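Report on one structure; see the data block that follows.
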Amino acid sequence: MTQVRVRYAPSPTGYPHIGNIRTALFNWLFARHSSESIMTKGSFILRIEDTDMTRKVEGAVDTILESLRWLGLDWDEGPEVGGDFGPYFQSQRLNLYQSAAKQMIEQGYAYPCYCSPERLDELRTRQMQRKQPTGYDRHCRDLTLSERSHFEEQGIIPVVRFKIPPGKTTFRDLIRGNVTFSNNTLDDFIILKSDGFPTYHLANVVDDHLMQISHVLRADEWLSSTPRHILMYQSLGYEPPLFAHLTMIMGPDHTKLSKRYGATSLIEYRQQGYLPEAIINFLALLGWSLDDKTTIISREDLIKHFSLERLSKTAAVFDIKKLNWMNGVYIRQLSSEEFTQRALPFLENGLPHEMEHPLYHNASTGMDYVSQIAPLIQERVRYLAEVPELSRFFFTEILEYDTTLLLQKGMDKERATSALQTAHERLSILSSFDASSLEELLRPLAVELNLKTGELFGLLRVATTGQTAAPPLFQTMAVLGKEQCLKRIALALEKLLTATS
RNA sequence: GCCUCCAUCGUCUAGUGGCCGAGGACAUCGGCCUUUCACGCCGAAAACAGGGAUUCGAAUUCCCUUGGAGGCACCA
């Protein structure tokens, strides 16, 4: 049985964004797809790469776990669930990296470096001025033992650098094929910092080996450090895993997602009311495709059909408009009850304070009211944060709107006034206030008043909702109820009479 | 500057030598449905970066140019 072991290895220096999460998704899909066959077993491992004490962000680990959980990307090994290869926090594995570094020094693959940060800065500046490639000049590479102890006596704590051998390094990338680097374009990079923590390169290689990772699916930005990793695997006597460098997701400016542009935390999408199933679908199709026409695809089908072969080579620009559309598709697929449930928190939080909150006075009648409203807005919503603004007129006593909205184009004040008056009279004696009764009353009324149906309905729409665009009129009025409708029409009349006079 | 990767409609993509006078989706525009909005339906516009080479035949193979991206920290 073939073991597919993949990992998502975020560093808690920030909150995961769309790009980070898509990497997690592809790893997860690959693992779950592998488990579909009886010949293979796939494991998805979560490892926290917290080796930079200076950039650590409080709460980042929790947010990472929460983001994955929200999307349903469950991990087989890692924080909270444990596993046979733990611990899964790199900060708890320092001895492993240190002994690997020690081994490399002893075997001549690495060396201590005593250069000060100042010297390195200067070096870099000089190289850039001369338009030379930047990189360490191997100043400490061949220090004698006595030179080393001289520095040690001064209390200088060295870093450990990897000794790049001459030659070329070639590796096969599952997405791009063979990639070759001349080793002389690589510099003697740091593997162990002076605080005893490893850099990414060391920790990553040691852990991927120790955790028996079979495939490294990571973002494209790592492609150029892969030869370093290969060289390290070789010097440690490890068999390297297979690599697949995923294309990056670009912001609207066509560059890497950054704090400045587009790197919105995934959690914010949840706050905006995007559905996890829509996010999964959308992200999966950013850099992967099933065929020439599939755009809406379930998680199950994704797992069933996912394959490395169909990963794209070109970077993708994140298009929020397409996400909005797709999220709308998923929202419309929800049952009315489920939509109500999901929309409720957004309604509770999104309505202005002065408004009647749906569940404030009476939870059960409030809930009943909300579930009548929900179907009216469900097909108009793209993400749940839009729910409050689309339905706010259901929850307010005082409608704020410009009186001129009442006057449909070509309609004067007198006609509007008399139409509203007649409508008010007829509605007040209407016994059953449901949508079809309202339609039966109002359609003929338009004829009677010599108005186009659109004119009368438009007028009533503004009077009852304060808006020119709203859910279907009769259903809206039915939900609002007779009392509320009459009140609002009366108010509209008042507005008309006091306004332009 | 150096290294590496990439190159089909505005965007996501299908396309692995003839099925391509390039397909789908979002967005855009037009129409239908319709009491408005939305949904839905129909339609339009919209791309193989350029140049060579290979071949009977190239979006598909090769080379060059150009363009874009990523990397070049005691960050990951």
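Each chain gets a letter, A, B and so on, in the order its sequence line appears, and its residues count up from 1. No experiment lies behind these values; they were computed from the predicted model shown.
- B:U66 and B:A7 make up a base pair, with Watson-Crick or G-U wobble contacts both under 3.5 Å.
- Considering A:R22, A:E309, A:R310 as possible partners of A:W288, the one that fulfils the side-chain contact (heavy atoms from CB on, under 4.5 Å) test is A:R310.
- Checking B:C37, B:C74, B:C39 against every side-chain atom of A:R124, the shortest atom distance belongs to B:C74.
- Nucleotide B:U60 has no partner under the Watson-Crick or G-U criteria, as no pair reaches both atom distances under 3.5 Å.
- A donor-acceptor contact under 3.5 Å is formed by the side chain of A:R55 with the base of B:C75.
- Residue A:L223 places its side chain closer to B:U4 than to any other of B:G23, B:U4, B:C74.
- Contacts between residues 6-26 of chain A and RNA chain B, counted as heavy-atom distances below 4.0 Å, involve A:S11.
- Between A:W222 and A:Y200, a ring centre-to-centre spacing shorter than 6.0 Å is recorded.
- Ring to ring, A:F306 and A:F26 are close: their centroids are under 6.0 angstrom apart.
- Using Watson-Crick or G-U wobble geometry with both donor-acceptor distances under 3.5 Å, B:G1 finds its partner in B:C72.
- Donor-acceptor pairing under 3.5 Å, judged by distance alone, is absent between the side chain of A:T199 and the base of B:C74.
- Using Watson-Crick or G-U wobble geometry with both donor-acceptor distances under 3.5 Å, B:U28 finds its partner in B:A44.
- Nucleic acid contact for A:M128: none, since no nucleic acid atom lies under 4.0 Å from a heavy atom of the residue.
- The gap from the C1' atom of B:U16 to that of B:U11 amounts to 24 Å, rounded to the nearest Å.
- Taking every side-chain heavy atom of A:T134 into account, B:G1 is the closest of B:G40, B:A69, B:G1.
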Which pairs, protein N/O on one side and nucleotides 25-29 of chain B N/O on the other, fall under 3.5 Å?
unit_1: B:A25; atom_1: N3; unit_2: A:K322; atom_2: NZ; d: 3.0
unit_1: B:C26; atom_1: O2'; unit_2: A:K322; atom_2: N; d: 3.3

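- Side-chain rings of A:Y97 and A:H201 stay apart, their centers remaining 6.0 Å or farther from each other.
- The aromatic rings of A:F171 and A:F181 lie parallel to each other, with less than 30° between the two planes, well short of the 60° mark.
- Among the nucleotides B:C39, B:C5, B:G71, the one closest to any side-chain atom of A:E221 is B:G71.
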Just do the salt bridge (Lys or Arg N to Asp or Glu O under 4.0 Å) check on A:K304 and A:D301 with the steps written out, would you? CA-CA 5 Å; A:K304 191 169 170 189; A:D301 283 341; 5.0 Å; no
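- When heavy atoms are screened at a 4.0 angstrom cut-off, A:G328 is found touching no nucleic acid atom at all.
- Counting any heavy atom pair closer than 4.0 Å across all strands shown, A:S194 reaches a base atom.
- Across all strands shown, B:C37 forms no Watson-Crick or G-U wobble pair with both key distances under 3.5 Å.
- Closest to the side chain of A:D52, from the set B:A76, B:C6, B:C37, is B:A76.
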Please report, to 0.1 Å, the donor-acceptor pairs under 3.5 Å made by any side chain of residues 278-286 of chain A, with sequence neighbours excluded.
unit_1: A:N281; atom_1: OD1; unit_2: A:I297; atom_2: N; d: 2.9
unit_1: A:N281; atom_1: OD1; unit_2: A:Y330; atom_2: OH; d: 2.5
unit_1: A:N281; atom_1: ND2; unit_2: A:T295; atom_2: O; d: 3.0

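- The base of B:C37 is paired with the side chain of A:R380 by a donor and an acceptor separated by under 3.5 Å.
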